[in-house]
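Remember, predicted model here, so these are calculated numbers, not experimental data. Order of listing sets the numbers, starting from 1, for every ligand and every atom in it.
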Amino acid sequence: MAHRVFVTRELPGEGFASLLTDAAVEVDVWPQDGPPPRAALLERVRGVDGLVCLITDRVDADVLDAAGPQLRVVSAMAVGVDNIDVAECASRGIAVGNTPGVLTETTADIAWALILAAGRRIVEAAEYVKGGEWRTWSPTQLAGVDVHGATLGVVGFGAIGQAVARRAQGFGMRVLYWNRTARSDEAGELGAERRSFDDLLAESDFVSVNVALTDETRGLIDASALSRMKSSAILVNTARGPIVDEAALVEALREGRIAAAGLDVTAVEPLPMESPLLTMRNVVVLPHIGSASLSTRCKMADMAVANLRAGLAGGPLPNAVMV
Ligand code: NAP
Ligand code: GLV
């Protein structure tokens, strides 16, 4: 009998194309651009052996209950799995897969796009030109801060944090990192110095957030953390929105307690149009495009399909998430 699978969105890549033509797998694909509404997700998972999901799908005990006891594998097309109750999956013997590594460099590129955009006011300057405001050259017009030679603080020295730090070498930056576990070898290679959380915040000109979202890191960058940063500092978040207390961030930006922010992720996604962040010239918000090069997205989808297939076969996943 064919394995039944629900995929919460059409995916790019060859792995997905081959899945669709595989007689051994009966694939149901959510046909719309947006995520399946909760009721549709609960309905479509009924009786499946495998689920391929995106960061936009919350996979909790209710989804697992709706699927039924035959569910073997939940395969995420993402490295971050904060949307999945991994412990609940483990307690039911359901394997969880993710897609680390292939998106590391692409996501670090976006962190750097935000460092440069926020530091050198790139978006504001482009809007200035398009808005017909460019009438002359003047000494302090759209002057930002230097990125080269500045101090970069990396919060979370995992794969992406290290890739962000590696790029800083080309800009002659001093790199500091905070990580719950020491990463002495990697740090040594990158010339990065370990700091306590508070010292990193106090010393950095740019703070790049690269930790996973967990119960421990939710709200890590709160009012108290923001108050330790330099008033000239720039916060960049390409990890997950809820790691930053967004109300506290708005407050800190309004009061000039930090200088600017570059965000690829926000507490609520999509960011509501009424968010004060959208009215601030010193804030650049991107729609969670960290891994969004076509090549990387194809590799992620291929990995997600490989994890799915391994899970359906009852074997170990090429990339399994452990509790
Ligand atoms: P990774 O290599 O697994 O690194 C995870 C980092 O989070 C490590 O520094 C790890 O510290 C830290 N961490 C995990 N649990 C923690 C906890 N409870 N307390 C403190 N620190 C903790 O993952 P990655 O590939 O670099 O990705 C990092 C995150 O970036 C992902 O989880 C995801 O949310 C986000 N991301 C966003 C995009 C985007 O499109 N914007 C794309 C890819 C990833 P240890 O070294 O001590 O384990
Ligand atoms: C994207 O945000 C990911 O976690 O892969």
Side-chain H-bond candidate by donor/acceptor type, [X] with [Y], under 3.5 Å:
X    : Y    : answer
S232 : D205 : no
E186 : Y177 : no
S227 : R257 : no
T181 : N179 : yes
T296 : S293 : yes

**Prompt:** Nearest heavy atom to atom 18 (N) of ligand 1: which of R218, R183, E216 does it belong to?
**Reply:**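 Residue with the shortest heavy-atom distance to the ligand atom: E216.
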
**Request:** Give a yes or no on whether the ring-centroid distance for W178 and F197 is below 6.0 angstrom.
**Result:**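 Aromatic pair counts; centres sit under 6.0 Å.
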
Under 4.0 angstrom from ligand 1, any heavy atom of [X]?
X    : value
Q162 : no
P100 : no
L213 : no
T217 : yes

**Request:** Give, for atom SG of C89 and atom CG of D85, the distance between the pair rounded to the nearest 0.5 Å.
**Result:**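 Here the interatomic distance stands at 6.5 Å.
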
**Item:** Closest protein heavy atom to atom 5 (O) of ligand 2, given as residue, atom name and distance to 0.1 Å
**Value:**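 For atom 5 (O) of ligand 2, the nearest protein heavy atom comes out as V79 N, 2.8 Å.
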
**Message:** To check your reading of the model: name the closest protein heavy atom to atom 17 (C) of ligand 1, its residue, and the distance in Å.
**Reply:**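 For this ligand atom, the closest protein heavy atom is R180 NH1, 3.4 Å.
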
Which ligand 1 atoms are under 4.0 Å away from a heavy-atom of [X]?
X    : result
N210 : 6 (C), 28 (C)
N179 : 8 (C), 9 (O), 11 (O), 45 (P), 46 (O), 47 (O)
S291 : 40 (O)

**Request:** Go through ligand 2 atom by atom and flag the ones less than 4.0 Å from a non-hydrogen atom of R240.
**Result:**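 The atoms of ligand 2 under 4.0 Å from a heavy atom of R240 are 1 (C), 2 (O), 3 (C), 4 (O).
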
**Message:** Under a 3.5 Å distance rule, please check whether S204 uses its side chain to pair with a backbone N or O of V207 as donor and acceptor.
**Reply:**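 Flag not set: sc S204 to bb V207 has no pair under 3.5 Å.
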
**Item:** Test item: S18 side-chain N/O and G15 main-chain N/O as donor-acceptor pair under 3.5 Å
**Value:**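 Yes; judged by distance alone, with no hydrogens or angles, the pair exists.
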
When you compare ligand 2 with [X], is there at least one nitrogen or oxygen pair between them that comes in under 3.5 angstrom?
X    : value
I55  : no
S291 : no
M77  : no

**Item:** Under-4.0 Å protein heavy-atom contact, atom 2 (O) of ligand 1
**Value:**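 Flag for atom 2 (O) of ligand 1 set to true, protein heavy atom closer than 4.0 Å.
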
**Message:** Using a strict threshold of under 4.0 Å (side-chain N to carboxylate O), is an ion pair present between R195 and E193?
**Reply:**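 Salt bridge flag = yes for R195 with E193.
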
**Request:** Using a 4.0 Å heavy-atom cut-off, say whether I160 meets ligand 1 through its side chain, its backbone, both or neither.
**Result:**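 For I160, backbone and side-chain atoms both sit under 4.0 Å from ligand 1.
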
**Asked** Where's the contact between T99 and ligand 2, heavy-atom distance under 4.0 Å: side chain, backbone, both or neither?
**Response**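 Answer for T99: neither.
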
